[in-house]
Amino acid sequence: MARYSNETGDGNIDPASIVSNVKNNIKQEIIKELLHGSFQDNKTKLGNDALTLVVEVAKCLVTETCLRASSQALKENCDKVDIEHVEKCLPQLMLDFP
């Protein structure tokens with residue numbers, strides 16, 4: 001999935017780096033297309049305010065998932081975050097984001 005880089009070698013996760021990557025990589029246009037693809041009625045419209053809120057929630061969810069998966073990888077003494085680390089975080093994550 002993503003390689004964990006730790007310049008200091010102390011095993012700490014840099015949350016600012018993760019947040020920055022998430023904010024730069026989640027595009028509003030992609031979320032809009034995903035939402036429109038799930039609408040059952042072609043006449044359904046999505047307001048800009050609603051789209052902005054959905055994008056922010058998606059960014060929060062992805063950021064939290066990345067942080068938890070990184071922490072899980074560190075607990076297992078791994079230098080790389082794999083899908084298994086994400087899968088281990090999902091049950092609790094789904095309880096925290098109903």
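Atom-to-atom distance recorded for K23:NZ and T63:OG1 is 8.0 Å, nearest 0.5 angstrom. With rounding to the nearest 0.5 angstrom, the CG atom of L46 is 5.0 Å from the CG atom of L51. Note that CD1 of I18 and OG1 of T65 are 11.0 Å apart. Values are rounded to the nearest 0.5 Å.
The only option from Q72, R68, K75 that meets the side chain to side chain contact (heavy atoms under 4.5 Å, CB included) definition with H85 turns out to be Q72.
Formation of a donor-acceptor pair under 3.5 Å by the S70 side chain with backbone atoms of C66 is found in this model.
The neighbour count for K27 NZ, taken as heavy atoms of other residues, nucleotides or ligands under 6.0 Å away, is above 12. Within a 6.0 Å sphere centred on NZ of K59, other residues, nucleotides and ligands contribute more than 12 heavy atoms. Taking a 6.0 Å sphere around CG of N48, one finds it holds 12 or fewer heavy atoms contributed by other residues, nucleotides or ligands. Atom CG of N42 is surrounded by 12 or fewer heavy atoms from other residues, nucleotides or ligands within 6.0 Å.
In this structure, I26 is not a member of the same hydrophobic cluster as L53, with clusters built from ILVMFWY side-chain heavy atoms closer than 4.5 Å. Residues V55 and V57 fall into different hydrophobic clusters, defined by Ile, Leu, Val, Met, Phe, Trp and Tyr side chains chained together at heavy-atom separations under 4.5 Å.
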Legend entry - Worked verdict on E84 versus E76 for side-chain contact (heavy atoms from CB on, under 4.5 Å): CA-CA 11 Å; E84 290 83 19; E76 297 176 7; over 6 Å; no
Inset, instruction - Just do the side-chain contact (heavy atoms from CB on, under 4.5 Å) check on V62 and N25 with the steps written out, would you? - result: CA-CA 11 Å; V62 171; N25 290 318; over 6 Å; no
Inset, instruction - Let me see the working for L93 and L61 under side-chain contact (heavy atoms from CB on, under 4.5 Å), right down to the final yes or no. - result: CA-CA 9 Å; L93 187 69; L61 182 61; 4.0 Å; yes
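Closest approach of T52 to Q28, counting heavy atoms only: OG1-NE2, 3.8 Å.
Of the charged side-chain nitrogens involved, none lies within less than 4.0 Å of a carboxylate oxygen, so that K88 and D82 do not count as a salt-bridged pair.
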